[in-house]
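Only one structure is covered here, and it is reproduced in the block below.
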Amino acid sequence: MTLHGEEPPAGLLLAAGEGSRLGRPKALVELDGERLVDRGVHMLRSGGCSPVLVVSGAAQIEVIGAVVVPNAEWRTGMGSSLRAGLAALPPACPAVIVALVDQPRITSAAVARLIEAYEAGARVAVATYGGKPRNPVLIGAEHFAAVAGGAAGDVGARAFLRANPGLVTHVPCDGVAAPDDIDTPGDLAEFRGQDAR
C-alpha cells in the first residue's frame, strides 16, 4: 500500500559505463551465473519499485522486467545517465529509487526500507551504512528537475543532496545490505570468492 494510493516509486538502475578499470562493461559481468544488470533489476522490483528502468550505454542490453533507456552520452559520466533515466520516467511517477549496477550487495530489503520512509512522508531518502550516506537514493518527483540540473560528469544526485541536507531522510541499512562496489578485476575476484563460500 503506497501513500494516498499513489503509484509506487519507480526503480532506476544506472548501468551505462564501460568498466574501464574492470576491462568490460559491469552490466554484463556475472556473479553466480546472473548478470549484474539482471541482479539489479530483480533487487529493485522485489523491493517494491515499478516500473524499473535501466540506463545502458557501453553495452547493448536487453533485460526482462525492465525498460532499457539508451544513453548516447554515456562516455561523459554517470551524470548523463541519471539525467537520461529521470527524463524517461512516466509522467505520473511520484518518486524514483536510483541504484548502481556495480553494487551487487544492495538488496531488496534496503529498497523496501527507502519505500517505507517514502510512505511515512520522506521526499528524499538515502540509505546509510555506518552512518554514512551511500546508495540507493530515493527522490520525490518535485525534485527531479533540480537533481538532473546538478548531475554532471561523474556526479549523480550527490550535488543536490549536499546542497539540500534539510530535505534528506537518512535510512540505516546496516545488516541488510552493503555498498561495496566492483571496480577492478581484484574486486570481482573477491566478490566471486565470497559468493562461492
Side-chain angles (χ1 to χ4, degrees), residues 1-17 25-57 59-71 78 81-120 122-129 134-141 143-144 147 156-157 169 171-182 191 195:
M1 183 68 185
T2 55
L3 192 68
H4 309 308
E6 281 187 337
E7 294 296 312
L12 180 57
L13 186 68
L14 304 185
K26 297 175 185 178
L28 303 181
V29 168
E30 291 190 5
L31 278 180
D32 277 347
E34 184 179 33
R35 298 182 306 172
L36 291 185
V37 66
D38 297 312
R39 201 173 181 127
V41 167
H42 182 259
M43 172 265 297
L44 288 166
R45 290 180 66 86
S46 297
C49 294
S50 181
V52 174
L53 284 66
V54 175
V55 181
S56 67
Q60 287 195 334
I61 304 170
E62 289 186 14
V63 191
I64 294 172
V67 176
V68 177
V69 179
N71 173 20
M78 183 174 59
S81 290
L82 180 57
R83 292 196 309 272
L86 291 174
L89 291 170
C93 178
V96 66
I97 292 180
V98 182
L100 307 181
V101 78
D102 67 350
Q103 295 182 323
R105 293 201 181 108
I106 301 296
T107 62
S108 57
V111 172
R113 287 190 180 186
L114 289 181
I115 291 179
E116 285 172 16
Y118 163 74
E119 290 174 347
R123 301 304 296 170
V124 179
V126 179
T128 66
Y129 308 87
R134 295 290 300 272
N135 291 298
V137 175
L138 178 140
I139 302 159
H143 301 301
F144 290 173
V147 170
T169 298
V171 179
C173 290
D174 305 276
V176 301
D180 310 326
D181 50 16
I182 296 175
F191 269 81
D195 275 7

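Positions are given from 1, in the same order as the sequence printed here.
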To the nearest 0.5 Å, how far apart are [atom1] in [X] and [atom2] in [Y]?
| X | Y | atom1 | atom2 | answer |
| --- | --- | --- | --- | --- |
| Thr169 | Leu114 | OG1 | CG | 10.0 Å |
| Glu30 | Asp32 | CD | CG | 10.0 Å |
| His42 | Arg39 | NE2 | CZ | 10.5 Å |
| Ile97 | Leu13 | CD1 | CG | 12.5 Å |
| Asp102 | Phe191 | CG | CZ | 8.5 Å |
| Leu36 | Lys26 | CG | NZ | 9.5 Å |

Min side-chain heavy-atom separation [X]-[Y] under 4.5 Å:
| X | Y | result |
| --- | --- | --- |
| Ile182 | Leu31 | yes |
| Leu12 | Val55 | yes |
| Asp181 | Leu100 | no |
| Leu89 | Leu86 | yes |

Tell me the closest heavy-atom pair linking [X] and [Y], and the distance in Å.
| X | Y | result |
| --- | --- | --- |
| Leu138 | Ala122 | CD2-O, 4.3 Å |
| Gly156 | Leu82 | C-CD2, 3.5 Å |
| Val41 | Ile64 | CG1-O, 4.0 Å |
| Tyr129 | Cys173 | CE2-CB, 3.6 Å |
| Ala15 | Ile61 | O-CD1, 3.9 Å |
| Val111 | Cys49 | CG1-SG, 3.7 Å |

Would the distance check show the side chain of [X] and the main-chain N or O of [Y] forming a donor-acceptor pair, the cut-off being under 3.5 Å?
| X | Y | answer |
| --- | --- | --- |
| Arg113 | Val171 | no |
| Ser56 | Val68 | no |
| Gln103 | Pro179 | yes |
| Tyr118 | Ile139 | no |

Exercise for the section: May I have the step-by-step check of side-chain contact (heavy atoms from CB on, under 4.5 Å) for Asn135 and Val98, ending in yes or no? Expected result: CA-CA 8 Å; Asn135 291 298; Val98 182; 5.8 Å; no
Handout entry: With Pro9, the side chain to side chain contact (heavy atoms under 4.5 Å, CB included) member among Val96, Leu44, Ile115
Key =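 Between Pro9 and the candidates, side chain to side chain contact (heavy atoms under 4.5 Å, CB included) is satisfied uniquely by Ile115.
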Practice task
Take atom CD of Gln60 as the centre, draw a 6.0 Å sphere, and report whether it contains more than 12 heavy atoms from other residues, nucleotides or ligands.
Solution key: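 12 or below, so no.
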Problem - Flag if over 12 foreign heavy atoms under 6.0 Å of CZ, Arg35 - result: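 Yes - once you tally the heavy atoms of other residues, nucleotides and ligands closer than 6.0 Å, there are more than 12.
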